[in-house]
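Below, all heavy atoms of this structure are taken into account, side chains as well, without hydrogens, waters or symmetry copies. Everything numeric in this text was worked out from a predicted model, so none of it was measured. The chains referred to below are lettered A, B, ... by the order of the sequence lines, with proteins before strands, and numbering in each begins at 1.
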2 protein chains.
Amino acid sequence: MIATDMPQLDATFAALSDGTRRAIVARLADGETSLSELAEPFDMSLTAVSKHLRVLSNAGLVDIEKRGRTRHCRLRGAPIKEAVDWLSKYEAFWIDRFDALARHLAKESEK
Amino acid sequence: MIATDMPQLDATFAALSDGTRRAIVARLADGETSLSELAEPFDMSLTAVSKHLRVLSNAGLVDIEKRGRTRHCRLRGAPIKEAVDWLSKYEAFWIDRFDALARHLAKESEK
DNA sequence: CATTTACTCAACCAATTAGTTGACTATAAT
DNA sequence: ATTATAGTCAACTAATTGGTTGAGTAAATG
């Protein structure tokens, strides 16, 4: 049998498969914010953005903290790291040749 | 406005959000195979696996070549690289602390 | 106290997804 | 020529997704 059952990875990749949610992640990388501020640049209802945020929250990508009447959102890195770790297993397929060459030469020059 | 429209990235992350498809990717990293061979370990119909493979193919993650009556499948790295490149922008959030500390110390010691 | 702000919640809708089965086509093997 | 293999295609189903609106709650402000 093959390990197909990795719900955290499912959730992370699914969360990142939507442009609005990736934009939210990008925004949160610049600093914590409230939902309203997050929603402002998007051409959709606050409810819609709230739902996207919940998807990110369920995937563990953002932390939502109730502070007074606003919700403070913070980016969490752990799931992103897990995704990168998974993708890294297939490095051989996506490392571009210049990179690969550069690394090879770097290793050589260490000797 | 924010760049939410990156259909290739949408497709790549969506394709990778399913365990069966990730298992197919993992299998193909070990070498090219036919659909039947790919399908063998899974507890689902050949049609179902064929559909998963089509999702991967549409996302550009695998290349399907008709060879006689079998389909030969090969992993393509470019979309994976694009995903890694996107995720790398948020490195600061997922680099683990030992790594981060090590880098910090390395930089300090350079002075 | 009244109002505005920052949300949540429930109900609904249309589109997509992940799976099934049954019928079909094309190639290879006996 | 017959049969088995490798796979596609169409039709169906159940669940999920991404969006909407309208009503409601909780906290800050006038």
(Q) As an exercise, state the distance from CD1 of B:I80 to CG of B:D85, rounded to the nearest 0.5 Å. (A) 12.0 Å
Q.
Checking contacts here: which listed nucleotide (D:dG18, C:dT21, D:dG19) is nearest the side-chain heavy atoms of A:M44?
A. D:dG19
Q: Round to the nearest Å and state the distance from A:D10 atom CG to C:dA18 atom C1'.
A: 13 Å
Q. Roughly how far, to the nearest 0.5 Å, is CZ of A:R21 from CZ of A:R54?
A. 13.0 Å
Q.
Once you apply a heavy-atom cut-off of 4.0 Å, does A:R67 come out as touching a base, just sugar-phosphate, or nothing?
A. nothing
Q.
Does the protein touch nucleotides 5-16 of chain C at the base, only the backbone, or not at all? Give it as B, S and - per nucleotide, heavy atoms under 4.0 Å.
A. BSBSB-B-----
**Q.** Partner of A:C73 under side chain to side chain contact (heavy atoms under 4.5 Å, CB included), chosen from A:L38, A:D63, A:T33, A:I24
**A.** A:L38
Q.
Nearest whole Å is fine: how far is D:dG18 P from A:D43 CG?
A. 17 Å
Q. How long is the span from the CD atom in B:E91 to the NZ atom in A:K81, to the nearest 0.5 Å?
A. 10.5 Å
Q. Could you give the distance from OG1 (A:T20) to NE2 (A:H52), rounded to the nearest 0.5 Å?
A. 4.5 Å
Q) Distance only, no hydrogens: is a donor on one side chain within 3.5 Å (strictly under) of an acceptor on the other, for A:S34 and A:R71? A) no
Q. In terms of the nearest nucleotide of DNA chain D, which residue is placed more toward the 5' end: A:K66 or A:A14?
A. A:A14
